[in-house]
Undergrad: 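Pasting in a structure now, in structure tokens, and then I'll have a few things to ask.
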There are 2 protein chains.
Amino acid sequence: MEETTGLRERKKAATRLALHEAALRLATEHGLDRVTVEAIADAANVSRRTFSNYFSSKEEAVFHGDAVRLRRLLELVRRQPADAPAWDALSGAAERLAVEAYGNAPPSWLVHRRQLRGHPGLVAHQVAAYTAIERDLADDVAHRLTGPDGALRSRVLAATFLASLRVAIQHWIDHPDGPLLDILRTALTEAAGARPGTGAPATAG
Amino acid sequence: MEETTGLRERKKAATRLALHEAALRLATEHGLDRVTVEAIADAANVSRRTFSNYFSSKEEAVFHGDAVRLRRLLELVRRQPADAPAWDALSGAAERLAVEAYGNAPPSWLVHRRQLRGHPGLVAHQVAAYTAIERDLADDVAHRLTGPDGALRSRVLAATFLASLRVAIQHWIDHPDGPLLDILRTALTEAAGARPGTGAPATAG
DNA sequence: TCAGATCTTGCCCGTAGTGCAAGTTTTCCC
DNA sequence: GGGAAAACTTGCACTACGGGCAAGATCTGA
């Protein structure tokens, strides 16, 4: 827990956070496409040019929080027991994330997020953020797999896992009746056992 | 198979196709970010403004082919046997798509696609295109599910299925040793049975 | 304290996306 | 076949975005 960062680094973090929060607030207030980069920069007391030094687009600024949480997820996966099978490691890390990063999210956060739901440019960036770490995640779980086609199968695992996580969080934002953890478990169970849950496929013709 | 379309419609289709092909060709030749919308429009003999009437961005023009195939996939899913379980319907449709839409793709197509691999703006758009139909797909398979949490679970199914399909196609483009169908089956099997495939099926504690 | 590294800002340019209105092509119906 | 209506194309103008560049401000390390 060493927080011995220099002043410069702390200022940068503060600016990044200010831009992120300004972007989130303005986007939920007026709708993202009625908010200019300049307005976000103004709200964070920096120039338009400086905004570009931190984020490459409005969308990236809005989803900065998600990006942080996704990096945290990677960290959690790496810290799973060395002998845990791939899917167990992934779902274990996800459940941990659901508690530590979303467990005590203020209701206002949910309201904010629900405002942003459905905006085309935003969902595009959101899924892009998820798939951005797909390769890293696949690399991290590859060693937990046995059998042939490791590269392909670890990639499928990472992709389906991230898709499940994304859907679970989205569902929770839309229907916040109950903790995310319950929804996440349902989603991960469905993903892990698509076969038994839907009926026996048996080679499916 | 009625092709009784009017002249206007045929012209529009031709223009759309010309723009798509020009975008694909120029992007593979020079790299997408060194190609302007104006250049694509010129290559298709229309104005820059007309380009915007057909596609909202370069990326959309490049991925027009994928969008068409994804719509076709929806169609194939709807035509699956009414009593087929959800996952069977999805994988059945995917296997059909692999044959009919990718089965006789010329090698040059694979080369083109490999050129585009890894471009950040492109993968973002690609995954966005996939998730764009996620909701429709979920609605189409919801009635094939039994049990509680149908909305969530059908969404998870659609999302994980599309993720698997995307990964399979990507893997095939990167390693075209063998038909897509084989890779697809491996991917879908891994997705459907993530748990048993990865090692110990029983809680693995 | 001070030199070097790093960050911020304004300026500028090329590109993107879009409303609008005028001109062109296709359709539809008599 | 003719002519009005609908649909499409195009150029223009304007806003916004992203990023290179250089000058000034701020932080760091010795």
Side-chain angles (χ1 to χ4, degrees), chain A residues 2-20 22-23 26-27 29-64 67 119-125 128-129 132, chain B residues 2-20 22-24 26-27 29-64 67 119-125 128-129:
Chain A
E2 312 273 336
E3 293 293 338
T4 325
T5 55
L7 171 61
R8 175 165 277 160
E9 254 179 281
R10 270 178 286 139
K11 274 196 167 184
K12 282 194 72 172
T15 300
R16 178 168 270 113
L17 188 61
L19 284 169
H20 165 60
L26 292 173
E29 276 176 11
H30 309 117
L32 183 61
D33 32 11
R34 261 185 286 280
V35 175
T36 65
V37 167
E38 193 155 22
I40 298 171
D42 280 356
N45 292 310
V46 294
S47 69
R48 180 175 79 89
R49 189 63 186 79
T50 294
F51 175 94
S52 290
N53 290 340
Y54 285 87
F55 300 109
S56 64
S57 67
K58 295 184 276 191
E59 291 80 8
E60 196 179 315
V62 169
F63 275 108
H64 171 61
H119 188 293
L122 274 181
V123 294
H125 234 81
Chain B
E2 312 271 336
E3 294 294 340
T4 325
T5 55
L7 170 59
R8 175 165 278 161
E9 253 180 283
R10 270 179 285 138
K11 272 195 168 184
K12 281 194 71 173
T15 300
R16 177 167 271 110
L17 188 62
L19 283 169
H20 164 61
L24 199 56
L26 291 173
E29 276 177 10
H30 309 115
L32 183 61
D33 34 10
R34 262 185 284 279
V35 175
T36 65
V37 167
E38 192 155 23
I40 298 171
D42 281 356
N45 291 311
V46 294
S47 69
R48 181 175 79 89
R49 188 63 185 81
T50 294
F51 175 94
S52 290
N53 291 338
Y54 284 88
F55 300 109
S56 64
S57 67
K58 295 184 277 190
E59 290 81 7
E60 197 179 313
V62 169
F63 276 109
H64 171 61
H119 188 292
L122 274 181
V123 293
H125 234 81

Undergrad: Assign a letter to each nucleotide of nucleotides 18-30 of chain C from its 5' end: B, base within under 4.0 Å of a protein heavy atom; S, sugar-phosphate only; -, no contact.
TA: BBB----BBS---
Undergrad: Could you state the CZ-C1' distance from F51(A) to dG19(D), rounded to the nearest angstrom?
TA: 14 Å
Undergrad: Is any side-chain heavy atom of E29(A) less than 4.5 Å from a side-chain heavy atom of L26(A)?
TA: yes
Undergrad: For D42(B) and dT10(D), give me the distance from atom CG to atom P, rounded to whole Å.
TA: 11 Å
Undergrad: Using whole Å, report how far CG of D33(A) lies from C1' of dT15(D).
TA: 14 Å
Undergrad: How many angstroms lie between atom CG of D33(B) and atom NZ of K58(B), to the nearest 0.5 angstrom?
TA: 6.5 Å
Undergrad: Once rounded to the nearest 0.5 Å, what's the spacing between atom CZ of R48(A) and atom OG1 of T36(A)?
TA: 9.0 Å
Undergrad: dA16(C), dC17(D), dT10(D): which one has an atom nearest the side-chain heavy atoms of S47(B)?
TA: dT10(D)
Undergrad: Could you give the NZ-to-P distance, from K58(A) to dG18(D), as a whole number of Å?
TA: 8 Å
Undergrad: Quick one: pull up OG in S56(A) and CZ in F51(A) and give me the separation to the nearest 0.5 Å.
TA: 8.0 Å
Undergrad: Given atom NZ of K12(A) and atom P of dC27(D), what is their separation to the nearest angstrom?
TA: 14 Å
Undergrad: May I have the distance from F55(B) (atom CZ) to dC8(D) (atom P), rounded to whole angstrom?
TA: 15 Å
Undergrad: Starting at CD of E38(A) and ending at C1' of dT8(C), how long is that distance when rounded to a whole Å?
TA: 16 Å
Undergrad: Main chain of V46(B), side chain of T50(B): is a donor-acceptor contact present, judged purely on distance under 3.5 Å?
TA: no
Undergrad: Could you grab the distance from atom NE2 of H20(A) to atom CD1 of I40(A), nearest 0.5 Å is fine?
TA: 11.5 Å
Undergrad: Side-chain N or O of Y54(B) less than 4.0 angstrom from OP1 or OP2 on dC8(D)?
TA: no
Undergrad: Counting side-chain heavy atoms from CB outward, which of dT9(D), dT9(C), dG17(C) is closest to S57(B)?
TA: dG17(C)
Undergrad: Would you check if H125(A) and V62(A) make a side-chain contact, meaning some heavy-atom pair closer than 4.5 Å?
TA: no
Undergrad: Atom CG of N45(A) to atom C1' of dT8(C): distance rounded to whole Å?
TA: 13 Å
Undergrad: T50(A) near the nucleic acid: base, sugar-phosphate alone, or nothing, with a heavy-atom cut-off under 4.0 Å?
TA: base
